[in-house]
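Below, each value reflects all heavy atoms present in this structure, side chains not excepted, and no hydrogens, waters or symmetry copies. Fair warning: this is a prediction, and the values are worked out from it, not measured in the lab.
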Amino acid sequence: YPASTTKILTALIAAEFGHLDDVVTVGDEVNMLAWDGSKAGLVQNEKITLRNLVYGLMLNSGNDAANTIAVHIARSVSGQTLSTQEALEYFGEMMNKRAKEAGALDSHFVNPHGYHDPDHYTTAYDLAMIGRAAMENDFFRKVVSTTSMDTTYWLTGQPRYWRSKNKLLLKNDQEYYE
């Protein structure tokens, strides 16, 4: 199962199909997550740019950001007033199409965050193809090379801190890779 590596494809689709400066209102999709999944700390009715959602997706491995991105992109691309569930399913179709365009041969995606589902799977080869396609995108490269981001909640103005857990990027970690 691809788990959070799924978020590479979600971020790529957001970068390719979205307008990064769009202000997105977080909806009920943030309540459709498993209790033990990783989150970026989004709250329903919060307003946040798509750009910051992608940072929350990749730095904090935010399943809430994944769902919010998926719903926003699906509604925008489809031009339809989709329910949350319909939007998530539409985004899954977008993921499968984009994965194939990247060269994936044996993958099937059903959610934007990678939380376990028996119908959500990929291969190492397919992840390499998706990763290669993502690394061709300037914004994606910038996001995945970022180690931290300090921002604020739009509703309250309170600080929010996102920190990468990628040990390859953390200079004080023994896994750091220059």
_As a quick check of understanding, evaluate salt bridge (Lys or Arg N to Asp or Glu O under 4.0 Å) for D150 and R160, giving each step before the final call._
CA-CA 6 Å; D150 297 345; R160 176 187 333 217; over 6 Å; no
_Using side chain to side chain contact (heavy atoms under 4.5 Å, CB included), reason through T5 and I130 one step at a time and then give a plain yes or no._
CA-CA 10 Å; T5 57; I130 294 164; over 6 Å; no
*Walk me through it: do I48 and L42 pass the test side chain to side chain contact (heavy atoms under 4.5 Å, CB included)?*
CA-CA 9 Å; I48 185 169; L42 302 177; 4.0 Å; yes
*Would you sort out whether L82 and Y90 count as a side chain to side chain contact (heavy atoms under 4.5 Å, CB included), showing the intermediate values?*
CA-CA 9 Å; L82 303 172; Y90 187 97; 4.1 Å; yes
*Carefully, step by step, assess Y176 and E178 under the rule side chain to side chain contact (heavy atoms under 4.5 Å, CB included).*
CA-CA 6 Å; Y176 174 70; E178 190 176 321; 4.0 Å; yes
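The distance from the CZ atom of F109 to the CZ atom of R98 is 11.5 Å, given to the nearest 0.5 Å. Distance check: L88 CG to M32 CE gives 5.5 Å after rounding to the nearest 0.5 Å. Here OG of S107 is found 8.0 Å from OH of Y121. Values are rounded to the nearest 0.5 Å. Atom CE in M95 sits 10.5 Å away from atom NE2 in H108 (nearest 0.5 Å). Atom-to-atom distance recorded for M94:CE and E89:CD is 14.5 Å, nearest 0.5 angstrom. To the nearest 0.5 angstrom, S145 atom OG is 10.0 Å from F140 atom CZ.
Hydrophobic clustering of Ile, Leu, Val, Met, Phe, Trp and Tyr side chains at less than 4.5 Å, counting indirect connections, unites L53 with F139. Follow the hydrophobic side-chain contacts under 4.5 Å out from Y55 and you never reach L169; the two are in separate clusters. In the hydrophobic clustering of ILVMFWY residues, with side-chain heavy atoms under 4.5 Å counting as a link, L168 and L127 come out apart. When hydrophobic clusters are built by joining Ile, Leu, Val, Met, Phe, Trp and Tyr residues whose side-chain heavy atoms come closer than 4.5 Å, directly or via intermediates, L33 is not grouped with V110. I8 and W162 fall within the same hydrophobic cluster, where Ile, Leu, Val, Met, Phe, Trp and Tyr residues are linked whenever their side-chain heavy atoms come under 4.5 Å apart, directly or through other members.
Side chains of Y115 and D36: a donor-acceptor N/O pair is present below 3.5 angstrom, by distance only. Inspection of the H19 and D21 side chains reveals no N or O donor paired with an N or O acceptor under 3.5 Å. Remark: the E29 side chain and the T68 side chain contain an N/O donor-acceptor pair separated by less than 3.5 Å. Counted by atom type alone, T6 and H113 present zero donor-acceptor pairs between their side chains at under 3.5 Å.
For the pair Y125 and D106, the minimum side-chain heavy-atom distance is 4.5 Å or more. Annotation: side chain of K7 is in contact with side chain of S61 (closest heavy-atom distance under 4.5 Å). Between E175 and N166 there is no side-chain heavy-atom pair separated by less than 4.5 Å. Using a 4.5 Å cut-off on side-chain heavy atoms (C-beta onward), T146 and L59 make contact. A heavy-atom distance below 4.5 Å is found between the side chains of D126 and T123. Taking 4.5 Å as the limit, some side-chain heavy atom of I73 sits within range of a side-chain heavy atom of I13. Looking at T84 and R75, their side chains come closer than 4.5 Å, going by heavy atoms from C-beta outward. Contact annotation: the side chain of V54 approaches that of I69 to within less than 4.5 Å [non-hydrogen atoms, C-beta and beyond].
Closest of all the heavy-atom pairs between G103 and M129 is O-CG, 3.8 Å. What you find for H120 and P2 is that their closest heavy atoms are CD2-CG, 3.3 Å. In terms of heavy-atom proximity, A87 sits nearest to V71 at CB-CA, 3.9 Å. Considering every non-hydrogen atom in both R141 and M135, the closest pair reads NH1-O, 2.7 Å. The minimum heavy-atom distance linking A133 with A102 is given by the pair CB-CB, 3.8 Å. Shortest non-hydrogen contact noted between G18 and L50 is CA-CD2, 3.7 Å.
Within a 6.0 Å radius of OH in Y161, no more than 12 heavy atoms belonging to other residues, nucleotides or ligands are found.
Q44 pairs in a side-chain hydrogen bond (donor to acceptor under 3.5 Å, both in side chains) with only one of the listed residues (N31, D28, D64), which is N31.
Remark: S83 pairs with Q85, E86 by the side-chain contact (heavy atoms from CB on, under 4.5 Å) rule, at least two apart or across chains.
Looking at K39, its side chain does come within 3.5 Å of a backbone N or O of G37 through a donor-acceptor pair.
Under the 4.0 Å criterion applied to side-chain N and carboxylate O atoms, E93 and K97 are not assigned as salt-bridge partners.
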